[in-house]
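Below is one structure, written out as structure tokens; the observations come after it.
Everything numeric in this text was worked out from a predicted model, so none of it was measured. We use all heavy atoms of the structure for the numbers below, so side chains are in, but hydrogens, waters and symmetry mates are not.
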Amino acid sequence: MATTFKRILVGVDDSKDALLAFDYAIYLAKRDDAELVIVSVLENQQMNIYQTLDTDFIHGEYADLEEHVREYKKQAREAGVTDVRMMVAEGEPGETIVKDVIPAVDPDLLIVGSLAKKGVSRHFGSQAAYMAKYSPVSVLVVR
């Protein structure tokens, strides 16, 4: 018996694994006629102290990321997903997705790549492992 999903959350960051996760999320959303919610997290810890104090810099980074996620949304629609939503959040990716995004979105499934493109956190443990361990919903980690 195949499991079907009503709402799928996918985390994107332009890493190769995240792009594979995005492709798989599109496949599942089309298969199940599910809503697809695309999220990307602006990582504050990658900014130096001066950048974090500059609200114009933060707003510019946020706007750039938001525009980039809009491109993902467009790709999903062009691929045939009819119900697509996007979100941009700020913070540590794993913790932000588990503690803030999942409760707000209420997905049936979280899909993430196994490796992050950048960030100090890649040296201190896997964001995917954190989400798999602490997520209140099923997590599919794609490599």
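- Checking side-chain atoms of D13 against main-chain N and O of S15 turns up a donor-acceptor pair under 3.5 Å.
- From M87, atom CE reaches atom CG of D100 across 8.5 Å, with rounding to the nearest 0.5 Å.
- The shortest heavy-atom contact between V137 and P107 is CG1-O, 3.2 Å.
- How far CD of E35 is from CG of D33: 11.0 Å, rounded to the nearest 0.5 Å.
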Point to revise | I102 and S135: CA distance, side-chain angles, deciding distance, side-chain contact (heavy atoms from CB on, under 4.5 Å) verdict | key: CA-CA 8 Å; I102 289 175; S135 173; 3.4 Å; yes

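- At least one donor-acceptor pair under 3.5 Å links the side chain of D108 to the backbone N or O of K6.
- The hydrophobic clustering, which links ILVMFWY residues whose side-chain heavy atoms are closer than 4.5 Å, places L19 and M86 together.
- From D23, atom CG reaches atom CD of Q75 across 8.0 Å, with rounding to the nearest 0.5 Å.
- Between V10 and the choices V37, L109, L28, I111, the side chain to side chain contact (heavy atoms under 4.5 Å, CB included) rule is met once, by I111.
- When the side chains of ILVMFWY residues are joined at heavy-atom separations under 4.5 Å, either directly or via intervening members, Y24 and V84 end up in a single hydrophobic cluster.
- Residues Q127 and E95 have side chains that never bring a donor and an acceptor to within less than 3.5 angstrom of each other.
- The two residues R7 and A34 come nearest to each other via the heavy atoms N-CB, 4.2 Å.
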Give the C-alpha distance, both sets of side-chain angles, the deciding distance and a yes or no for side-chain contact (heavy atoms from CB on, under 4.5 Å) between V112 and L110. CA-CA 7 Å; V112 293; L110 168 62; 3.8 Å; yes

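- Between the side chain of S40 and the backbone N or O of V12, at least one donor-acceptor pair lies under 3.5 Å.
- Cluster annotation: V101 and L140 are assigned to distinct hydrophobic clusters (Ile/Leu/Val/Met/Phe/Trp/Tyr, side-chain heavy-atom contacts under 4.5 Å, transitive).
- Ring geometry, Y130 versus Y134: the interplanar angle falls from 30° to 60°, so the pair is classed tilted.
- Take R77 and apply the side-chain hydrogen bond (donor to acceptor under 3.5 Å, both in side chains) test, not counting sequence neighbours, and it matches no residue.
- V142 and V139 fall into different hydrophobic clusters, where Ile, Leu, Val, Met, Phe, Trp and Tyr residues are linked whenever their side-chain heavy atoms come under 4.5 Å apart, directly or through other members.
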Practice problem: Applying side-chain contact (heavy atoms from CB on, under 4.5 Å), run through E90 and T96 and close with a yes or a no. | Solution: CA-CA 7 Å; E90 289 183 49; T96 300; over 6 Å; no

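- A donor-acceptor pair shorter than 3.5 Å can be found between the side chains of D14 and Y72.
- Side-chain atoms of R85 do not come within 3.5 Å of backbone N or O of L36 as any donor-acceptor pair.
- Shortest non-hydrogen contact noted between G11 and A18 is O-CB, 4.1 Å.
- Here the shortest heavy-atom pairing between V41 and E92 reads CG1-C, 4.4 Å.
- A continuous path of Ile, Leu, Val, Met, Phe, Trp and Tyr side chains, each step under 4.5 Å between heavy atoms, connects F5 with L20, placing both in one hydrophobic cluster.
- Considering only heavy atoms from C-beta on, D32 stays 4.5 Å or farther from T3 through its side chain.
- Of all non-hydrogen atoms in A128 and S114, the two that sit nearest each other are CB-CA, 4.0 Å.
- Here K73 pairs with nothing under the side-chain hydrogen bond (donor to acceptor under 3.5 Å, both in side chains) rule; sequence neighbours left out.
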